[in-house]
Enquirer: 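So that we are looking at the same thing, I have put the structure below in structure tokens.
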Amino acid sequence: MKNRWTWHGGGLAAARARFGEGRQPWIDLSTGINPHAWPVPDDMEIDWRRLPCEANLLEMERTAALYFGVDPRHLCALPGTETGLRIVSSLLGPEAQYLAPTYRTHEEMFPVSSTISSASPSNPESGVLILANPNNPDGRHWTRDALLALADNRAEEGWLIVDEAFADSDPTHSLAPDIADHRRLLIFRSFGKFFGLAGLRLGFLLGPEAIVDQMRRKLGAWPISAAAIAIGAAAYADHEWIAATRNRLRRERLRLDEILIGCGYRPMGACPLFTLIATDDAMALFERLAQRAILTRPFDHNPRWLRIGLPESDEALSRLQRALLLD
């Protein structure tokens with residue numbers, strides 16, 4: 001690991017150690033996590049003294065399945081999608097291809113992996129293929145028809161794995177309603193990014209019932225905490241908050257883009273939770289912002305890229321704008 005902040009987002013402790021506390025509180029824009037988290041009720045009852053209830057877990061999964069638009073038998077809860085992504089190779093075999101650039105874990109999911117350019121996938125019908133929709137970090141969207149063609153043309157031992165970690169902001173791009181026992185398609189969904197509660201560690205695998213059952217056996221009893229069960233069930237049923245948040249994120253992404261354009265940058269991607277800019281020396285810009293207690297996400301594989309998440313307030317957005325305008 002060269003630098004913590006080029007490995008994954010969220011390296012705030014490492015940034016503080018390197019750049020100091022500064023005169024203002026740190027603003028963490030290095031992840032694509034919603035800065036406006038679902039409001040956990042103060043009076044939510046969670047029994048910490050007992051093991052998580054299986055009936056409550058199944059009910060939470062049914063609520064999540066309704067939200068995703070999939071039959072509950074095609075879904076199982078995970079202790080975060082990171083865990084599920086790293087287990088799935090034990091179900092499908094040791095080799096896979098992944099579309100790059102993308103989330104770093106896709107490279108590490110299978111013992112034997114190779115990269116394919118997302119601009120022109122080669123040999124798309126063979127083996128296991130992993131991609132993200134929308135993609136991280138460039139925010140690219142694949143059309144539903146294109147993805148279904150990739151899934152339905154898989155060879156006998158092939159699978160299409162779609163990481164939909166950022167799909168909640170615009171569910172029209174999700175393939176969840178297309179999950180079926182005959183289709184060689186697996187989907188991973190993340191709770192923490194859209195609902196802003198990444199520390200809860202909750203995710204889901206969607207797929208044919210046989211694969212879902214194998215994942216359940218791998219996870220064993222009590223795969224997620226009582227808190228994840230209770231909060232997940234309530235959040236996925238909060239349709240009013242979900243609709244309002246989707247609208248809010250789109251508005252705030254537009255405001256962020258306007259600021260970046262005004263500062264001379266061209267935002268890329270269509271994911272409301274983050275944007276990507278290209279500049280001649282992104283690491284120099286990263287360090288300039290970090291010296292002003294603003295953490296963004298540079299990339300060691302592309303020195304021109306800098307990913308910027310949504311600021312949580314008007315004040316944070318103004319601080320970003322002032323820092324970008326400094327010579």
Enquirer: Answer yes or no: is there a side-chain heavy-atom contact under 4.5 Å between Glu61 and Pro72?
Expert: no

Enquirer: Will you find, in the side chains of Thr115 and Glu107, an N or O donor that is under 3.5 Å from an N or O acceptor?
Expert: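 Short answer, no.
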
Enquirer: Report the relative orientation of the aromatic rings in Tyr236 and Phe204; use parallel for angles under 30°, tilted for 30 to 60°, perpendicular for over 60°.
Expert: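 Judged by the thresholds at 30° and 60°, the geometry between Tyr236 and Phe204 is perpendicular.
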
Enquirer: Will you find, in the side chains of Arg248 and His36, an N or O donor that is under 3.5 Å from an N or O acceptor?
Expert: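 Short answer, yes.
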
Enquirer: Carefully, step by step, assess Phe166 and Phe274 under the rule ring pair (Phe, Tyr, Trp, His ring centres under 6.0 Å).
Expert: CA-CA 10 Å; Phe166 292 100; Phe274 61 82; 5.0 Å; yes

Enquirer: Ring centroid separation for Phe195 and Trp241, is it under 6.0 angstrom?
Expert: yes

Enquirer: If you measure from the Lys or Arg side-chain nitrogens to the Asp or Glu carboxylate oxygens, is any gap between Asp181 and Arg73 under 4.0 Å?
Expert: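 Yes, charged N to carboxylate O under 4.0 Å.
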
Enquirer: State plainly whether the residues Asp152 and Arg183 are in salt-bridge range, i.e. N to O under 4.0 Å.
Expert: yes

Enquirer: So do the side chains of Leu285 and Ile277 get within less than 4.5 Å of each other, counting heavy atoms only?
Expert: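 The answer is yes; the side chains approach within 4.5 Å.
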
Enquirer: How far apart are the C-alpha atoms of Leu276 and Ile308, what are their side-chain angles, what is the distance that settles it, and do they pass the side-chain contact (heavy atoms from CB on, under 4.5 Å) test?
Expert: CA-CA 6 Å; Leu276 186 73; Ile308 303 173; over 6 Å; no

Enquirer: Does one hydrophobic cluster hold both Phe299 and Leu295, with members joined at side-chain heavy-atom distances below 4.5 Å?
Expert: no

Enquirer: Taking all non-hydrogen atoms of both residues into account, name the closest pair between Asp28 and Gly10 and its distance.
Expert: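 Taking Asp28 first and Gly10 second, the nearest heavy atoms are OD2-CA, 3.9 Å.
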
Enquirer: Give the cluster check for Leu306 versus Met268: same hydrophobic cluster or not, with ILVMFWY residues linked at side-chain heavy-atom distances below 4.5 Å.
Expert: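 No, no single cluster joins them.
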
Enquirer: Atom CD of residue position Glu312 - does it have more than 12 heavy atoms of other residues, nucleotides or ligands inside 6.0 Å?
Expert: no

Enquirer: Is there side-chain contact between Asp300 and Met283, with heavy atoms separated by less than 4.5 Å?
Expert: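 Of all side-chain heavy-atom pairs linking Met283 with Asp300, none is under 4.5 Å.
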
Enquirer: Decide side-chain contact (heavy atoms from CB on, under 4.5 Å) for Asn133 and His141; before the verdict, give the C-alpha distance in whole Å, the side-chain angles of both, and the deciding distance to 0.1 Å.
Expert: CA-CA 6 Å; Asn133 193 46; His141 277 104; 4.1 Å; yes

Enquirer: Can you confirm whether Glu59 is buried at CD, in the sense that more than 12 heavy atoms of other residues, nucleotides or ligands lie under 6.0 Å from that atom?
Expert: yes

Enquirer: In terms of side-chain heavy atoms, does Ser169 have a donor or acceptor partner in Arg250 at a distance below 3.5 Å?
Expert: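 Their side chains do not contain a donor-acceptor pair, so the 3.5 Å distance test is not met.
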
Enquirer: Does NZ or CZ of Arg140 lie under 6.0 Å from the centre of the six-membered ring of Trp142, at an angle within 45° of the ring axis?
Expert: yes

Enquirer: Any heavy-atom pair between the side chains of Pro111 and Ser89 that's under 4.5 Å?
Expert: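 In contact.
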
Enquirer: Membership question, hydrophobic clusters at under 4.5 Å side-chain separation (ILVMFWY): are Leu12 and Leu320 in the same one?
Expert: yes

Enquirer: Does any non-hydrogen side-chain atom of Ile294 lie less than 4.5 Å from one of Arg319?
Expert: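 Heavy-atom side-chain distance check passes, below 4.5 Å.
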
Enquirer: Answer yes or no: is there an ion pair linking Asp170 with Arg246, defined by an N-O contact shorter than 4.0 Å?
Expert: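 A salt bridge is absent here (no side-chain N lies under 4.0 Å from a carboxylate O).
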
Enquirer: Grab the two heavy atoms, one from Pro267 and one from Thr275, that are nearest each other, plus how far apart they are.
Expert: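 Looks like CB-OG1, 3.3 Å.
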
Enquirer: With side-chain contact (heavy atoms from CB on, under 4.5 Å) as the test, would you mind laying out the steps for Asn34 and Leu197 before giving the verdict?
Expert: CA-CA 8 Å; Asn34 182 358; Leu197 298 171; over 6 Å; no

Enquirer: When you compare the side chains of Arg304 and Thr279, does any donor N or O come within less than 3.5 Å of an acceptor on the partner?
Expert: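 Looking only at side-chain atoms, Thr279 and Arg304 do not form any donor-acceptor pair under 3.5 Å.
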
Enquirer: Can you check whether Asp163 reaches Thr81 side chain to side chain, under 4.5 Å on heavy atoms?
Expert: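 No, side chains not in contact.
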
Enquirer: How close do Pro101 and Asp138 get, heavy atom to heavy atom, and via which atoms?
Expert: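 Closest approach of Pro101 to Asp138: CG-OD2, 4.3 Å.
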
Enquirer: Below 4.0 angstrom, N of the basic side chain to O of the carboxylate: do Arg255 and Glu252 qualify?
Expert: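 Looking at Arg255 and Glu252, the cut-off is not met.
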
Enquirer: Which hydrophobic side chains are connected to Trp159, either touching it within the sub-4.5 Å cutoff or through other members that do?
Expert: Leu78, Leu85, Ile87, Val88, Leu91, Leu92, Tyr98, Tyr103, Met109, Phe110, Val128, Ile130, Ile161, Leu186, Phe188, Leu205, Ile211, Met215, Leu219

Enquirer: Say whether Ile33 and Ile231 are linked into one hydrophobic cluster, either directly or through other cluster members, by side-chain heavy-atom distances under 4.5 angstrom.
Expert: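 In one cluster: no.
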
Enquirer: What are the two closest non-hydrogen atoms of Arg253 and Ala270, and how far apart are they?
Expert: NH1-C, 4.1 Å

Enquirer: Do Ser174 and Glu164 have side-chain N/O donor and acceptor atoms under 3.5 Å apart?
Expert: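 Yes.
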
Enquirer: Please report the closest heavy-atom contact between Leu324 and Cys263, naming both atoms and the distance.
Expert: CB-SG, 3.8 Å

Enquirer: Tell me, do Met60 and Thr63 make a side-chain contact under 4.5 Å, heavy atoms counted?
Expert: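 No, every pair of side-chain atoms sits at 4.5 Å or beyond.
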
Enquirer: Set out, in order, the CA-CA distance, both residues' side-chain angles and the distance that settles side-chain contact (heavy atoms from CB on, under 4.5 Å) for Glu95 and Ser113, then state yes or no.
Expert: CA-CA 6 Å; Glu95 298 185 24; Ser113 64; over 6 Å; no

Enquirer: Grab the two heavy atoms, one from Leu310 and one from Pro35, that are nearest each other, plus how far apart they are.
Expert: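 Shortest heavy-atom separation between Leu310 and Pro35 comes out as O-CG, 3.6 Å.
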
Enquirer: If hydrophobic clusters are built by linking Ile, Leu, Val, Met, Phe, Trp and Tyr wherever their side-chain heavy atoms come under 4.5 Å apart, do Ile224 and Trp38 end up in the same one?
Expert: yes

Enquirer: With the side chain counted from C-beta on, respond yes when Leu150 and Leu131 share a heavy-atom pair under 4.5 Å apart, and no when they do not.
Expert: yes

Enquirer: In the hydrophobic clustering that connects Ile, Leu, Val, Met, Phe, Trp and Tyr at side-chain heavy-atom distances below 4.5 Å, which members other than Trp222 occupy its cluster, ordered by chain and number?
Expert: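 Members alongside Trp222: Leu51.
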
Enquirer: Is it true that atom CD of Glu108 has more than 12 heavy atoms of other residues, nucleotides or ligands lying nearer than 6.0 Å?
Expert: yes

